[in-house]
Amino acid sequence: MPVTSTREADVLRRQDPELAEILFGELDRQSTTLQLIAAENFTSPAVLAALGSPLANKYAEGYPGARHHGGCELVDLAERAAVDRARALFGAEHANVQSHSGSSAVLAAYAALLRPGDTVLAMGLPFGGHLTHGSPANFSGRWFDFVGYGVDAETGLIDYDQVRTLARTHRPKAVVCGSISYPRHIDHAAFREIADEVGAYLIADAAHPIGLVAGGAAPSPVPYADVVCATTHKVLRGPRGGMLLCGSELAERVDRAVFPFTQGGAQMHTIAAKAVAFGEAATPGFRAYARQVVANARALAAQLRARGLVVTTGGTDTHLLTVDPAPFGVEGRAARGRLAAAGLVMDACALPHGDARGLRLGTAAVTTQGMDEPEMERIAALLAEVLAQGGQAQQVREDVRELTGRFPPYPARQG
Ligand SMILES: *Cc1c(COP(=O)(O)O)cnc(C)c1O
């Protein structure tokens, strides 16, 4: 059923060659360049099949057993499976799997616990806070009064004493832990203690590490946070979407914050795909995957350091790392462009020191492709070569093609 299979591909090609060309061009791009964007991954053909299924046709406002539409018997089973699997996977009393995205999940968490005008303490955006952590361009910055904590300028690590001091000064209604680029484990117990001291809720925005948590490769925020928000499409390798986890006492508030407060009809094809992904994440194979994702990120960090890049915090505990390419005389945004032209696709990102931007890389996608430490060494060498050459990277593009050719993300596909 996914576009990676021949039959569906033929249907699309016949009916709409224009869109078929775009879709297959994108599949080719993903297969022949290195996907090092820390938030990306390759979902399985089973997840893609659920996403492309007729569940996409079904309206299902409400929750299983309490819908505003008829004909929901089967999609109810899909959502119940997704909820049960999420609860089991994360040891959570309650799960809501309807959020359309990670940002929607954060919005719902705020809606469940806060009122407009409340003070919220979260990681500042220049240090790795997400848009939903108080950006003036986002609902969060307009509707709430955000105070930002940073990281230590020397070590790049969260300064828990600073977080505590800010909490005591500003008395937030909620403390948010979680980041788009923090490469180390978060001390959830420390955040819980700080939140308790000032009577604040603790919201863990685990959009990035939740897949590592599922695979036992990162500490879980579930025992500590009042509400955990997450995505399902990053390391977790499911469909693009969000979810929330909480204790039974907040279950009803969280559910009402998702529907009807911030969303309408649930996307049942995506929820079915989430159930498939949770099923995959509960396997020993996924645990091994999560461990390898971290091993690969550590190897990549060490190899990049050895080649002269400055690695924030000196390394990583997770799937992502941020590096400063300044020793090569190039800033993050320009470096990103050069690297992309050579087939190494990643993000520019803020760095904890100074104004210049760095690069953020992740190993979730390349690890799904089956790459291990030797390939991380190769990727680091190619990256350093591009930065050193300053644009003459045609040979690297060929080398990337050769490397990705040995690790096809969808091996069974027949164009
Ligand atoms: C990715 C991310 C989100 C948002 O996810 P979307 O699905 O893009 O809306 C929210 N918070 C953090 C920390 C993230 O990394």
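Both counts, for ligands and for their atoms, begin at 1 and track the order of listing.
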Tell me, yes or no, whether the heavy-atom count around Arg240 atom CZ, taken from other residues, nucleotides or ligands under 6.0 Å, exceeds 12.
no
With a distance cut-off below 6.0 Å to the six-membered ring centre and an angular limit of 45° from the axis, does Arg67 pair with Tyr59 as a cation-pi contact?
no
Can you name the residues that form a ring pair (Phe, Tyr, Trp, His ring centres under 6.0 Å) with Phe407, not counting sequence neighbours?
none
So, are Arg298 and Glu373 salt-bridged, with charged N and O less than 4.0 Å apart?
no
Quick one, list the residues around ligand 1 where some non-hydrogen atom comes in under 4.0 Å, by chain and residue number.
Ser101, Gly102, Ser103, His130, Ser179, Ile180, Asp205, Ala207, His208, Thr231, His233, Lys234
Go through the structure and list residues passing ring pair (Phe, Tyr, Trp, His ring centres under 6.0 Å) with Tyr182, not counting sequence neighbours.
none
For Arg192, all residues meeting side chain to side chain contact (heavy atoms under 4.5 Å, CB included), sequence neighbours excluded
Ala195, Asp196, Leu202, Tyr224, Asp226
